[in-house]
J.: 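For reference, the structure I am asking about is given below.
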Amino acid sequence: MERWFAAKGWRPRRHQFDMLTQARAGNHALLVAATGAGKTLSGFLPTLAELIEEPAEGLHTLYVSPLKALAVDIQRNLLAPIDDMGLDIRAETRTGDTPSDRRQRQRARPPQILLTTPESLSLLLSYPDSLAMFASLRTIVVDEVHAFAAGKRGDLLSLCMARLQRIAPSLRRVALSATVADPDGYRAWLAPDGDIDAVSLVRGEPGADPNIDILLPQDRIPWSGHSGRYAADQVMREIERRRTTIIFCNTRALAELIFQDLWKANTKGLPIGVHHGSLSVEARRKVESAMADGKLRALVATASLDLGVDWGDVDCVIQMGAPKGSSRLLQRIGRANHRLDEPSEALIVPGNRFEYLEAQAALDAVEAGELDPDLFRPGTLDVLAQHVMACACARPFQQDEMLGEVRSATPYSALPDDTFDRVLGFIRDGGYSLRAYDRYKRLTQDPDGSWRVSHPRFVQQHRLNAGIIVEATMLNVRFKNGRHLGKVEEAFAATLAPGDTFFFAGLSLEVERMDTEDLLVRATARPARIPTYGGSRMPLSTSLADRVRGFLAQPEQWRRFPDDVREWLEIQARRSILPRPGQILVETFPRDGRHHMVVYSFEGWNAHQSLGFLITRRMEAQGLKPTGFVSNDYALAAYGLEPITDPASLFSPDILEHEFVEWVEGSALLKRAFREVAVIGGLVERQHPGKRKTGRQVTFSTDLIYDVLRKYEPTHLLLQAAWDDARARMTDVGRLARLLDHAQQRIVHVDLPRVSPLAVPVLVLIGRERIATMQGEDALLIEAEALAAEAMAVD
């Protein structure tokens with residue numbers, strides 16, 4: 001191995017030696033190292049060393065990645081040193097894209113190194129031969145652990161590791177990441193039985209500091225928008241002067257828009273591509289191969305490329321719109337250069353003036369080494385139900401033994417006995433309201449107390465339907481010749497009629513017809529609109545929000561800002577006030593025959609959306625005749641026909657006990673959350689043998705069951721799980737609660753004769769269409785400038 005490093009002209013890094021030392025001592029380890037520091041090789045070096053010293057057949061190391069593409073990329077990079085050293089070691093991938101014959105062969109004769117995802121690992125554990133397959137397992141390597149440890153996929157992987165530890169007691173756990181704010185939280189998550197002291201922390205050598213700049217427009221930073229589309233010509237010039245550039249967008253819809261804008265500005269006809277999660281596997285692989293082969297000058301992408309894919313020729317990353325978090329920004333910057341000793345180059349293109357402040361806050365956070373905190377929470381019950389069913393598919397189990405194994409997974413370490421009883425009862429018969437139906441009787445308890453699968457059909461049903469990622473109802477986008485481009489959400493497709501056009505996969509497409517599962521299209525040169533995707537908005541991190549608040553309260557910082565941003569803040573200070581940390585500024589003013597209230601709380605779009613629904617209900621109760629609200633990451637604007645003279649009366653913590661519960665129960669939020677937990681928990685099938693249910697059929701089934709349970713069994717396990725999801729993820733209730741807890745004491749109310757400068761970015765959203773078009777953007781800019789002229793007048 002030393003000769004291989006020397007032949008490459010490399011030297012092993014200190015942290016790579018440290019990982020070898022920890023492996024020799026048999027210790028679990030968490031490696032936190034910068035992108036380009038050789039993290040993945042650090043994880044594999046002990047495996048290669050052990051297999052060189054003691055060649056062996058059977059599965060030695062399991063590598064778990066959050067992305068199928070990353071597993072394939074790692075396999076390609078791992079095979080190079082194996083081939084170069086002439087080692088007799090097999091390394092293979094196993095994901096949802098792996099052919100069935102290879103999957104069967106891998107279970108019978110596994111490679112020494114298997115690269116997979118949490119979902120594919122869970123499926124492997126559902127087979128009776130998993131005990132033999134994993135008996136020889138020595139190491140599990142979890143790459144990019146920050147990407148899923150604190151979510152449901154992390155719950156599943158933690159449970160899988162608990163099962164593997166029982167099969168192979170000497171199993172060593174390793175996790176790798178570049179962006180971890182709380183290493184101890186991840187050490188606890190990784191450790192068997194949550195024993196944090198059993199996991200050694202290895203820190204990588206520091207890399208070169210990144211070079212990050214904010215790309216300013218040629219004239220003025222816009223008042224509104226969040227895409228940075230105004231800078232398409234400038235971004236194209238950056239692409240022209242570099243070898244390869246990745247342009248990151250925060251949503252799939254924006255990626256399609258930016259690609260079209262860049263293509264129009266691409267006067268030299270440079271090869272550029274687009275990549276996001278709704279495109280077909282074939283389309284994504286084609287673009288990934290073109291990038292790996294150096295055939296593209298630029299690639300417009302979403303979070304689908306945030307992680308790990310190693311393209312050494314990428315010399316710049318451009319972030320369109322604000323990054324929303326310092327950790328995400330660092331992760332994306334790491335895709336540039338991918339060499340530890342050379343700085344990565346990055347540009348941020350803020351969409352509006354608030355986003356300029358956010359971009360500057362992100363730069364300051366990166367320079368200070370401040371990462372976004374990760375919030376670990378107890379493991380979810382729908383994931384637990386799926387895992388227990390997987391274990392039962394492999395072999396019968398005793399309840400006490402299974403509970404002990406489950407509790408050895410940190411997210412479930414405090415799981416109460418009665419909650420586990422309820423999980424087993426749910427899998428046994430579906431619960432009180434559903435137990436009359438045989439289709440829900442998946443488990444049976446034998447006289448000796450062991451639990452087993454009631455019928456072989458339930459084993460097949462589990463393997464067909466297992467998985468944690470529940471997509472929105474989607475339709476396939478296809479040409480008549482059968483070529484598959486990807487998927488759009490059914491809610492967007494429902495707005496289309498034959499002859500309508502939309503942009504997708506970098507093409508302008510005309511709808512020919514729609515059937516149950518497919519949207520048939522043909523290419524066209526006509527103008528088009530952009531598909532919308534639900535649930536794709538990234539929240540503003542609390543740490544960046546705090547930094548932006550700090551900017552507002554520190555005029556001495558303003559000299560760092562462009563003239564138009566500084567002028568915006570100075571006139572706001574003259575016309576109204578700028579909130580200090582700990583204060584919530586509420587402005588009220590009349591405009592266009594309505595009375596407006598703008599609340600500057602900086603708690604992110606999800607929390608503001610939830611608050612908007614609740615506040616307008618209270619406005620209605622107080623006779624203020626609300627007519628609507630709009631929000632962004634920084635502020636909420638509500639408006640109605642009567643003036644709001646006492647805004648503090650609209651805010652109190654009990655809003656979460658009364659209006660919040662009524663609103664969530666009466667909205668589609670809880671039904672949507674229930675659909676996800678019902679699918680994950682195995683109550684509703686996505687697929688039958690030989691046939692896949694349409695999203696509409698799945699939604700119909702879950703809505704029917706939801707209504708029955710709400711009426712007859714409101715304490716059902718899955719309704720509880722759906723409530724937990726709706727509160728935590730869809731409404732950001734944690735930030736909402738923090739906002740409301742002391743809101744009445746923190747509010748500073750300023751009543752104004754007209755709109756203030758700070759209100760312009762949120763107020764211009766009133767009446768904006770969800771589906772962005774170039775004409776819509778132009779109209780928005782015209783309206784914003786008129787509103788801004790009124791706000792910035794100082795007389």
J.: So, do Tyr186 and Phe376 have ring centers that fall under 6.0 Å from each other?
T.: yes
J.: Using the benzene-type ring in the case of Trp, are the ring centres of Phe613 and Phe660 under 6.0 Å apart?
T.: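 Judged by ring-centre distance (under 6.0 Å), Phe613 and Phe660 do not meet the cut-off.
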J.: Given Arg166, which partner from the list Met402, Met161, Glu405 fulfils the side chain to side chain contact (heavy atoms under 4.5 Å, CB included) test?
T.: Glu405
J.: Start with the C-alpha gap between Glu370 and Ser326, add the side-chain angles, then the distance that decides, and say whether side-chain hydrogen bond (donor to acceptor under 3.5 Å, both in side chains) holds.
T.: CA-CA 7 Å; Glu370 177 186 288; Ser326 56; 5.4 Å; no
J.: Main chain of Ala673, side chain of Glu676: is a donor-acceptor contact present, judged purely on distance under 3.5 Å?
T.: no
J.: At their closest point, which heavy atom of Ala33 faces which heavy atom of Lys39, and how far apart are they?
T.: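 Minimum heavy-atom separation between Ala33 and Lys39: O-CD, 3.3 Å.
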J.: Enter the distance from His28:NE2 to Asp197:CG here, rounded to the nearest 0.5 Å.
T.: 12.0 Å
J.: Report yes if some heavy atom in the side chain of Ile348 is under 4.5 Å from a heavy atom in the side chain of Leu329; otherwise report no.
T.: yes
J.: Should Val748 and Val586 be marked as a side chain to side chain contact (heavy atoms under 4.5 Å, CB included) after you check the CA-CA gap, both sets of side-chain angles, and the distance that decides it?
T.: CA-CA 6 Å; Val748 179; Val586 176; over 6 Å; no
J.: Verify, without hydrogens or angle tests, whether Arg173 (side chain) and Leu190 (backbone) share a donor-acceptor contact under 3.5 angstrom.
T.: yes
J.: What's the verdict on side chain to side chain contact (heavy atoms under 4.5 Å, CB included) for Leu544 and Lys324, showing C-alpha distance, side-chain angles and the deciding distance?
T.: CA-CA 7 Å; Leu544 286 197; Lys324 302 301 168 192; 5.9 Å; no
J.: Using modelled atom types only, decide if a donor and an acceptor are shared between the side chain of Ser610 and the backbone of Asn606 within a distance under 3.5 Å.
T.: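 Judged by distance alone, yes, a pair lies under 3.5 Å.
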J.: Quick one: pull up CE in Met320 and CG in Leu254 and give me the separation to the nearest 0.5 Å.
T.: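 Interatomic distance, Met320 CE to Leu254 CG, rounded to 0.5 Å: 7.0 Å.
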J.: What is the minimum heavy-atom distance between Asp633 and His608, and which atoms define it?
T.: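 The pair with the smallest heavy-atom distance is O-CE1, 3.3 Å.
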J.: Is the side chain of Ser122 donor-acceptor paired with the backbone N or O of Glu119 at a distance under 3.5 Å, no angle test?
T.: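 The answer is no, because no donor-acceptor pair under 3.5 Å joins these two groups.
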J.: Which residue is it: Asp382, Thr380, Leu718, Asn465? I am looking for the one with a side chain to side chain contact (heavy atoms under 4.5 Å, CB included) to Ile680.
T.: Asp382
J.: Could you grab the distance from atom CD1 of Ile140 to atom OG1 of Thr116, nearest 0.5 Å is fine?
T.: 9.5 Å
J.: Between Asp654 and Arg618, does any side-chain N to carboxylate O distance fall below 4.0 Å?
T.: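 Yes, this pair counts.
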J.: Quick check for you: to the nearest 0.5 Å, what is the distance between Tyr634 atom OH and Glu355 atom CD?
T.: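 Going from OH on Tyr634 over to CD on Glu355, the span is 4.5 Å.
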J.: Under a 4.5 Å cut-off applied to non-hydrogen side-chain atoms, are Leu30 and Ser200 in contact?
T.: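 No - every pair of side-chain heavy atoms lies 4.5 Å or more apart.
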J.: How long is the straight-line distance from CG of Leu740 back to CZ of Phe651, given to the nearest 0.5 Å?
T.: 7.5 Å
J.: Tell me, do Phe248 and Ile318 make a side-chain contact under 4.5 Å, heavy atoms counted?
T.: no
J.: May I have all residue pairs that pass salt bridge (charged side-chain N to carboxylate O under 4.0 Å, His left out) and include part of residues 414-424, sequence neighbours excluded?
T.: Arg407-Asp417
J.: Looking at residues at least two apart in the chain, or sitting in another chain, which of them share a side-chain hydrogen bond (donor to acceptor under 3.5 Å, both in side chains) with Gln744?
T.: none
J.: Of all heavy-atom pairs between Arg377 and Gly151, which one has the smallest distance, and what is that distance?
T.: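 Taking Arg377 first and Gly151 second, the nearest heavy atoms are NH2-C, 3.5 Å.
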J.: Do the non-hydrogen side-chain atoms of Leu683 and Thr702 ever get within less than 4.5 Å of each other?
T.: no
J.: Show your working on side-chain hydrogen bond (donor to acceptor under 3.5 Å, both in side chains) between Gln22 and Asp18 and close with a plain yes or no.
T.: CA-CA 6 Å; Gln22 296 298 333; Asp18 288 347; over 6 Å; no
J.: Between the side chains of Arg547 and Glu358, is the shortest nitrogen-to-carboxylate-oxygen separation below 4.0 Å, so that they form an ion pair?
T.: no
J.: So does Leu176 get a backbone contact from the side chain of Glu144, meaning a donor-acceptor N/O pair under 3.5 Å?
T.: no
J.: Would you check, one step at a time, whether the test side chain to side chain contact (heavy atoms under 4.5 Å, CB included) holds for Phe354 with Val762?
T.: CA-CA 10 Å; Phe354 266 125; Val762 67; over 6 Å; no
J.: Donor-acceptor pair, Gln319 side chain versus Leu347 backbone, under 3.5 Å?
T.: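 Not a single qualifying donor-acceptor pair exists.
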J.: Any idea which heavy atoms bring Phe602 and Arg735 closest together, and the distance?
T.: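 Minimum heavy-atom contact is O-NH2, 3.4 Å.
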J.: Answer whether the closest heavy-atom distance between the side chains of Leu611 and Leu739 falls below 4.5 Å.
T.: yes
J.: With distance as the sole test, does Asp155 use its side chain to make a donor-acceptor pair with the main-chain N or O of Gly379 at under 3.5 Å?
T.: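 Answer holds: no.
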J.: Going through the checks in order, is the side chain to side chain contact (heavy atoms under 4.5 Å, CB included) test met by Leu415 and Val406?
T.: CA-CA 8 Å; Leu415 183 73; Val406 165; 4.0 Å; yes
J.: How about Phe629 and Val599: do any of their side-chain heavy atoms sit closer than 4.5 Å?
T.: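 The answer is no, as the side chains (C-beta and beyond) never meet within the 4.5 Å cut-off.
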J.: Under the 3.5 angstrom rule, does the side chain of Ser65 hit a backbone N or O of Thr117 as a donor-acceptor pair?
T.: no
J.: List the steps and the verdict of salt bridge (Lys or Arg N to Asp or Glu O under 4.0 Å) for Asp725 and Arg675.
T.: CA-CA 11 Å; Asp725 263 20; Arg675 173 179 174 266; over 6 Å; no
J.: I need the minimum non-hydrogen distance between Asp372 and Ser541, along with the two atoms involved.
T.: OD1-OG, 3.0 Å
J.: Which residue in the set Trp723, Phe674, Tyr706, Phe426 passes ring pair (Phe, Tyr, Trp, His ring centres under 6.0 Å) when paired with His716?
T.: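 Considering Trp723, Phe674, Tyr706, Phe426, a ring pair (Phe, Tyr, Trp, His ring centres under 6.0 Å) with His716 is found only for Phe426.
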J.: For Arg252 and His276, indicate whether the former's side chain and the latter's backbone hold a donor-acceptor pair under 3.5 Å.
T.: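 No, because the side chain of Arg252 does not come within donor-acceptor range (under 3.5 Å) of the backbone of His276.
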J.: Can you measure from CG (Leu125) to SG (Cys391) and round to the nearest 0.5 angstrom?
T.: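 One gets 7.0 Å once the value is rounded to the nearest 0.5 Å.
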J.: Determine the minimum heavy-atom distance between Leu650 and Ile655, stating which atoms define it.
T.: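 Where Leu650 meets Ile655 most closely, the heavy atoms are O-CD1, 3.9 Å.
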J.: Run the salt-bridge test on Arg549 and Asp546 with the 4.0 Å N-O cut-off and return the result as yes or no.
T.: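 Between Asp546 and Arg549 there is a salt bridge, with a charged N closer than 4.0 Å to a carboxylate O.
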J.: So do Leu381 and Gln386 actually touch side chain to side chain, heavy atoms under 4.5 Å?
T.: no
J.: Can you tell me if CD on Glu367 sees more than 12 non-hydrogen neighbours from other groups inside 6.0 Å?
T.: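 At most 12 heavy atoms, drawn from other residues, nucleotides or ligands, come within 6.0 Å of this atom.
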J.: Are the side chain of Arg746 and the backbone N or O of Gly582 linked by a donor-acceptor pair below 3.5 Å?
T.: yes
J.: Would you check if Leu384 and Leu159 make a side-chain contact, meaning some heavy-atom pair closer than 4.5 Å?
T.: yes
